Amino acid sequence: MKSIWKVAACSFLVLMGTGTVFAQKMGGTLRTVVRDNPPSASIQEEGTSSTVIPFMPVFNNLVLFDQSSHVNEITNIKPDLADSWRWSEDQKTLTFKLHPGVKWHDGKPFTSADVQCTWDTLRGKRNGGWRKNPRGNWYQNLDMITTNGDLEVSFHLKRPQPSFLVLLASGYSPVYPCHVDGPTMRTHPIGTGPFKLAEYRRNQVIRLVRNPDYFKKGKPYLDAIEYRVISNQGTRNLAFVSGEVDLTWAELDVDGAKGIKARQPEAICDLGPQPILGEVLYNPKDATMSDERIRRAIALAIDRQAFNSLMASGKVVATGIMLPKPAASWGLSPDQVKDLPGYGPDVAANREQARKLMAQAGYGPDHHLSATLMVVNRPTHVTPATLLADQLRSIYIDTKLDPVDISVERQRLAQRSGYQFNMLSAAPAVDDPDSVLFQDFGCKSPGNFGDYCDAKTQAMIEEQSRMADVKKRAQLVHEIDRRIVKQAVRPVVYTGYLGACRYPYVKNVVRAYNSVYNNSRLEDVWLDKRP
């Protein structure tokens, strides 16, 4: 199999194109929704789709996944602020040639110094005024960034890392301006992107307007994008069927899409695998949930087929810690999970094993464990949490739900306080093991909310990261996946099958099936005549 370096080399010296085969129309305002008020407008400081989706059009990356593809993968990474890139012979230096004449929205020139500032802040070598740095651990292998004039920048790695280009292509990897401080980026971000921020009223609206000086000539096609902040899903759907917005949030299940089609038959609904993992996450500081017997019992008690029916209309397969195929690339197959604890088809036998573990921990028919399960107060989160609570009754665990705002959940997770265990909805930023393994399971990672740290697993994580042979890397990733599942670290309960609806006059909106964070640039979206 070709090494990933050879695949990436196919992109070397690819020039930025502006041609198109469609007769796009200029003008108009795309009206859509956001389900939560963004905690801030600073993509680099946040870890939620409610920030990256509405503010991604404000920025550019060095490189970006093809916005017309349903799959984010290294073979469809395209130029953005970088016209071209190349790897050194030892595969430890990645050099970008930058596009000339690019300006920030405030008129100042974009240069290689801005790239250097951004990644020096990400790796903790520069104080950019950020309050948070959730993806700093992505760049622990980055040794330094150097510039050669205004239009060339090089990333020097400590060791080869094939996934590095993939991380840079994420919607979570915009380039920031050196001359703008953190507080400004949180409230009125300055980017180089196709749209500029015109209005940001918390809990109401985010309005972007066309950047007339955008360096990709002829783009964007829209005059503006308006995101209405609507916290209730029913109200969001009503805004669509009443014609107030043109595009829904990507949260509709099969029945939800049918309901919309019944009221608006012309609506185009794109449903498919949703790149989320519903996981049980334990508070590492909670004495009860620190008991390995209880964690293993919970993992055995889960009926994943019931979750598949509830959350995905039976259209997905059980998986481990990586997103499952065919939409994603690195997940375990059904054959690879069937012998893992709790994945076998005999649910009754699994739960009998679970009850034996609970008995060893001191619980039984006459002495139940009372536990509190934290969950984000959205229907898509509360629904699976309710099913989990029902299933845990079979092993003597009486579970009370604690619905909280997502900001409260994140604060409690970060502080390791205020909860016992959590029904977590995790969506990998990119479909690559480095993104998931280092962030969620790497020792001392800020995103490793369970404080999992296993020396052998850590060594395996680091080893897979440097492997250029895709087949061999996948084999090692599968070993890591199975190892973590067997340890009952954070059991994966379900994956999703969801989507969005739009009206036919909305053109070139493409949702990726293996990430929710990377396809929202919208510079290619245009509107045909509204009815």
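Here the structure is a predicted model, which means the values were calculated and not measured.
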Tabulate below the donor-acceptor pairs under 3.5 Å that side-chain atoms of residues 266-277 make, not counting sequence neighbours, or state none.
{"unit_1": "Asp270", "atom_1": "OD1", "unit_2": "Tyr513", "atom_2": "OH", "d": "2.7"}
{"unit_1": "Gln274", "atom_1": "OE1", "unit_2": "Arg511", "atom_2": "NH1", "d": "3.0"}
{"unit_1": "Gln274", "atom_1": "NE2", "unit_2": "Ala250", "atom_2": "O", "d": "3.4"}

Does some side-chain heavy atom of [Y] sit less than 4.5 Å from a side-chain heavy atom of [X]?
X      : Y      : result
Gln67  : Val510 : no
Arg159 : Asn141 : yes
Leu388 : Phe307 : yes
Met289 : Ile294 : yes
Thr288 : Tyr282 : no
Val33  : Glu251 : no
Tyr494 : Asn308 : no
Leu167 : Val430 : yes

Sorted by chain and residue number, the side chain to side chain contact (heavy atoms under 4.5 Å, CB included) partners of Asp454 (sequence neighbours excluded) come out as Tyr452, Lys456, Thr457, Arg483, Gln487
At what distance, to the nearest 0.5 angstrom, does [atom1] of [X] lie from [atom2] of [Y]?
X      : Y      : atom1 : atom2 : value
Glu73  : Asp431 : CD    : CG    : 9.0 Å
Leu437 : Trp330 : CG    : CH2   : 10.0 Å
Arg490 : Leu424 : CZ    : CG    : 5.5 Å
Ser231 : Asn203 : OG    : CG    : 8.0 Å
Arg351 : Asp346 : CZ    : CG    : 11.0 Å
Thr383 : Met311 : OG1   : CE    : 6.5 Å

Can you name the closest pair of heavy atoms from [X] and [Y] and give their distance?
X      : Y      : answer
Ser425 : His381 : CB-NE2, 3.3 Å
Leu252 : Asn237 : CD2-OD1, 3.5 Å
Asn137 : Pro446 : CB-CD, 4.5 Å
Leu122 : Trp130 : CD2-CZ3, 3.8 Å
Pro38  : Ile206 : CG-CD1, 3.7 Å
Ser520 : Pro57  : O-CG, 3.3 Å

Practice item. Evaluate side-chain contact (heavy atoms from CB on, under 4.5 Å) for Phe65 paired with Ser515, printing each intermediate quantity in order. Key: CA-CA 11 Å; Phe65 292 111; Ser515 179; over 6 Å; no
Requested in this report: Could you please spell out the steps behind the side-chain contact (heavy atoms from CB on, under 4.5 Å) verdict for Ser50 and Val34?
Outcome: CA-CA 6 Å; Ser50 296; Val34 179; 4.1 Å; yes
Which of Asn72, Asp66, Leu165 passes side chain to side chain contact (heavy atoms under 4.5 Å, CB included) with Ile77? Answer is Leu165
When Leu392, Val493, Thr399 are each screened for side chain to side chain contact (heavy atoms under 4.5 Å, CB included) with Ile298, the one that passes is Leu392
In Arg502, Arg31, Arg228, the residue satisfying salt bridge (charged side-chain N to carboxylate O under 4.0 Å, His left out) with Asp246 is Arg31
Hey, are [Y] and [X] close enough side-chain-wise for a donor-acceptor pair under 3.5 Å?
X      : Y      : result
Glu479 : Gln475 : no
Glu244 : Ser242 : yes
Ser333 : Asp335 : no
Asp434 : Gln464 : yes

Would Leu413 and Met374 satisfy side-chain contact (heavy atoms from CB on, under 4.5 Å), going step by step from the backbone distance to the final call? CA-CA 10 Å; Leu413 293 178; Met374 180 173 66; 4.0 Å; yes
Residue pairs meeting salt bridge (charged side-chain N to carboxylate O under 4.0 Å, His left out), one or both in residues 36-45, sequence neighbours left out, come to Asp36-Arg378, Glu45-Arg186
For residues 297-326, the salt bridge (charged side-chain N to carboxylate O under 4.0 Å, His left out) pairs (sequence neighbours left out) are none
For residues 357-373, run the donor-acceptor check on the side chains, cut-off 3.5 Å, and write out each pair with its distance to 0.1 Å, sequence neighbours left out.
{"unit_1": "His368", "atom_1": "ND1", "unit_2": "Asp398", "atom_2": "OD1", "d": "3.1"}
{"unit_1": "His368", "atom_1": "ND1", "unit_2": "Asp398", "atom_2": "OD2", "d": "3.2"}
{"unit_1": "His368", "atom_1": "NE2", "unit_2": "Pro365", "atom_2": "O", "d": "3.3"}

Report task. Report the relative orientation of the aromatic rings in Phe240 and Tyr503; use parallel for angles under 30°, tilted for 30 to 60°, perpendicular for over 60°. Result -> parallel
The complete set of side-chain hydrogen bond (donor to acceptor under 3.5 Å, both in side chains) pairs with one or both residues in residues 435-444, sequence neighbours excluded, reads Trp138-Gln439
Who passes ring pair (Phe, Tyr, Trp, His ring centres under 6.0 Å) against [X], sequence neighbours left out?
X      : answer
Phe449 : none
Tyr517 : Tyr172
Phe59  : Tyr176

Hits for salt bridge (charged side-chain N to carboxylate O under 4.0 Å, His left out) against Asp402, two or more places apart or cross-chain, chain-then-number order -> Arg412
Sorted by chain and number, sequence neighbours left out, salt bridge (charged side-chain N to carboxylate O under 4.0 Å, His left out) with Arg135 holds for none
Q. Should the heavy atoms of other residues, nucleotides or ligands under 6.0 Å from NZ of Lys258 be counted, would the total exceed 12?
A. no
Would one find more than 12 heavy atoms of other residues, nucleotides or ligands at under 6.0 Å from atom CZ of Arg416?
yes
Quick note, disulfide (SG to SG under 2.5 Å) partners involving residues 348-458, not counting sequence neighbours, are Cys443-Cys453
inquiry  = Any side-chain to backbone donor/acceptor pair from Asn76 onto Val71? Under 3.5 Å, distance only.
reply    = yes
Phe441 backbone acceptor or donor facing Ser445 side chain under 3.5 Å
no
From CA spacing to verdict: side-chain contact (heavy atoms from CB on, under 4.5 Å), Leu340, Leu332 | CA-CA 11 Å; Leu340 293 173; Leu332 295 169; 4.2 Å; yes
Checklist entry - Do Phe55 and Tyr227 have their ring centres less than 6.0 Å from each other? => result no
